[in-house]
Amino acid sequence: MNWGSVSEFLAMGGYAGYVWGSFGITAACLVLEILLLKARRREAVRRVG
Amino acid sequence: MKPPRLLDAWSAVVRRDLLSALRHRADLLTTLIFFVIVASLFPLGVGSDAALLRSIGPGVIWVAALLASILALARLFSGDYADGTLEQLALAPYSLTFLALGKIVAHWLATGLPLVIVAPLLGVQFDLNADALLVLMASLLLGTPTLSLIGAVGAALTLGVRGGGALLSLLILPLYVPVLIFGAGAVEASAAGLGAGAHLSLLGAFLLSALVFAPWATAVSLRIAVE
Amino acid sequence: MLVISQLGCVRGERRLFSEISFEIGPHTLLEVRGPNGSGKTSLLRILCGLLHPAAGRVSWNGRDIHELGEEYRAHMAYLGHASAVKDELTAHENLRYSAATAGLAASTTDISTALDTIGLSGFQGIPCKTLSQGQRRRVAFARLYLCSARPLWILDEPFTALDAAALALTRNLLESHLRSGGMLVLTTHQEVEITSPHTQRIDLGI
Amino acid sequence: MTSRINWFKYSSPASFYPLAGKLIPAFFAVASLLAVCGLYIGFFVAPTDAQQGEAYRIIFIHVPAAWMSMFLYVVMAFWAGMGLAFNTRLSSMMASAIAPTGALMTFIALWTGALWGKPMWGAWWVWDARLTSELILLFLYLGFMSLQAAIDDPRRADKAGAVIALVGAVNVPIIYFSVQWWNTLHQGASVSLTRNPSMAATMLAGMLIMALAIWIYSIAVVLMRVRSVILERERNSDWVQELTEQQS
């Protein structure tokens, strides 16, 4: 286990901004993509009717 | 009088396009003037320090050549597409690949070659010495036909499509990167005394592979556009 | 002999027509009728190989036209809505180059006589942009005089913008083509009576 | 009795649509499982890097995204080529469905590359050969998508897109090596992002598992998008009408 405590984990050896920035942006992009796809599906189903 | 063979039809396509281009001399000049203006803007933006200009010169002239050829590409097929001549070419009893190559050759002669001839003038603006100018011309002579060949695929794909000019640049500029790198690189290498042999031979390789693939891809794209 | 079996065409998401089958032999005129937007032009473009059908096949002398490719195009002439005339070239230049690129044997005398017979004798040397729409249409039609060796003619509303004199000239040309064993596929809205040994009609409207 | 599954049956949108529907949840489940496992290794098992400290952990998302962006482009070009050659509508729809996810992966690779470059070399953007090629790859994706968006007739959009995807695919290696040559010419061999000398086994394992997770995630997302594309393209066909009646 690399980390003594949760706060140490969050600090990420001083690179918190960069590491969490990267993972945060990636997670946000993936979630956004799925939400957009769900919206697109609802729109497609609505326009079929 | 027996029917024309493939070569006669091919030369007819080239001669017709050159004749049309000559009848629209103004359009040819606009491409050329655009090339000169774009290249001349950079010293105004970057400053007139000779050493700096010498180092960015080849890159600037090559980028200007790229943009000028993209500008000229819009007219490669659009005239024939609008008046129905393209349809007749697609219906000719010859391989559309060869006829498309004819159109690309005519287009290069009308717009690509003048860039090569004017380039040394711009080179002087960027304080390039004599053999750098020579290598610049050689690289452009090998590069501009490749630009026309690759660009022809994009021109055929964007026929009659909204946002043609900008879309054509977005499609084609990424594909121009290798030609730009080795084109500008050739002049830099010769200026640095390394000799431009490697770069020019690679440009030649790009040209040959473009000659093999691009007309065929252009013909496929034209058949899609004419559908 | 042109054979069409179960032809179907879809434009965008709209089904224009389906299950169209017919055969055209020598001396035959096929008239394609139908209201605007019924797919007449699409049908003709499928026949000349420009457009791929959604279903069905077009075969020439027993072989699929896309398989034949250049061979089929050597037996066919197509005149679409666009007259394929370059504005900056003169009528004579237009014909010379379009004949050469279309693989038609045509000497300069053939071209001048074609232009004379279609009534453009005084206009051969001036750029086509100065000609009227009707005259430009005559230039497009003049090319057909050079296509006498081609059995199959496919014409999409050829008579538009033609005046009475031009109509008479073109009708004679088409009738002589049919008499000499040629095949003609034609769409038109005008009532132009073309006498032909065999006439077939297709109505895409219903 | 080996029941031979007639794969060809699934090449028609009507029969592919329900199949994709059933597979999507499964793919999402597997993807998230792999992601959790990969992240655990990345953060809790992989040791701190000697030179780069903790910042190097960004490779657990940067490298898989970069691999996926290139892999998806090749897969997109494959489906586009199939659609062009065999005129099968489903393959072209698959190509159009892949493009946005590929572009997203390229964007993620660029973004995480910049966030990694800042602590490593003090600059947000580094003209490293791989990052530059990623940038050009993003332009290729955007070119494909805007060409398809600019053409209204779906059939022509598919074919035109296929041509530019194939031409692009042929050029990707040429662009990569040209940029590689250009990069070494100008900057000398800079420390590359991944080839640090002692790539600990756990680091590699973490990266590979994350790559698998992103790959399966991409499959799930592409299947979702291709189902929407099928609904949009086939909305007039009867099987779609029945489908929506059943659901509502």
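Please read all numbers here as calculations on a predicted model, not as lab measurements. In the text below, chain A, chain B and the rest are named by the order of the sequence lines, each starting its count at 1.
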Do you know which of D:L137, D:L138, D:L140 makes side chain to side chain contact (heavy atoms under 4.5 Å, CB included) with B:P174?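 For B:P174, the side chain to side chain contact (heavy atoms under 4.5 Å, CB included) check succeeds only for D:L140.
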Ignoring hydrogens, what is the shortest heavy-atom contact between [X] and [Y]? Give both atom names and the distance.
{"X": "D:S146", "Y": "B:L170", "value": "OG-CD2, 3.0 Å"}
{"X": "B:V161", "Y": "D:I151", "value": "CG2-CG1, 3.7 Å"}
{"X": "B:L175", "Y": "D:G168", "value": "CD2-CA, 4.2 Å"}
{"X": "B:L171", "Y": "D:G143", "value": "CD2-O, 3.3 Å"}

Given a strict heavy-atom distance threshold of 4.5 Å, which part of D:V172 is in contact with chain B: side chain, backbone, both, or neither?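 Contact with chain B: none, neither part.
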Name the region of D:A162, side chain, backbone, both or neither, that has any atom closer than 4.5 Å to a heavy atom of chain B.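 Answer is neither: D:A162 stays 4.5 Å or more from chain B.
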Atom pairs and distances, side-chain donor-acceptor, residues 68-76 of chain B, under 3.5 Å, sequence neighbours left out:
from  : atom 1 : to    : atom 2 : distance (Å)
B:S69 : OG     : B:A65 : O      : 3.4
B:S69 : OG     : B:L66 : O      : 2.8

Select one option (side chain, backbone, both, neither) describing which atoms of [X] are under 4.5 Å from chain D's heavy atoms.
{"X": "B:I150", "answer": "neither"}
{"X": "B:A198", "answer": "side chain"}
{"X": "B:A214", "answer": "neither"}
{"X": "B:I181", "answer": "side chain"}
{"X": "B:I224", "answer": "both"}
{"X": "B:F206", "answer": "side chain"}

Inspect the surroundings of CH2 in D:W111 and state if more than 12 heavy atoms from other residues, nucleotides or ligands are less than 6.0 Å away.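 No, CH2 of D:W111 has 12 or fewer neighbouring heavy atoms, counting only those of other groups under 6.0 Å.
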Atom [atom1] in [X], atom [atom2] in [Y]: separation rounded to 0.5 Å?
{"X": "D:N171", "Y": "B:F213", "atom1": "CG", "atom2": "CZ", "result": "10.0 Å"}
{"X": "B:L157", "Y": "D:R156", "atom1": "CG", "atom2": "CZ", "result": "8.0 Å"}
{"X": "D:F177", "Y": "B:L202", "atom1": "CZ", "atom2": "CG", "result": "12.5 Å"}

When you measure from the side chain of B:R162 to the backbone N and O of D:D152, does any donor-acceptor pair fall under 3.5 Å?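 No.
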With a strict 4.5 Å heavy-atom criterion, list every residue of residues 78-98 of chain B that contacts chain D, or say none.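 The list, in residue order, reads B:Y81.
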Using a strict threshold of under 4.0 Å (side-chain N to carboxylate O), is an ion pair present between D:R155 and B:E227?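 Not counted as a salt bridge, because no side-chain N and carboxylate O are separated by less than 4.0 Å.
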Is the distance between the ring centroids of B:F182 and D:W181 less than 6.0 Å?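 For B:F182 and D:W181, the ring centres are under 6.0 Å apart.
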What option among B:P178, B:A189, B:S169 has the most heavy-atom pairs under 4.5 Å with chain D?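 Option with the greatest count: B:P178.
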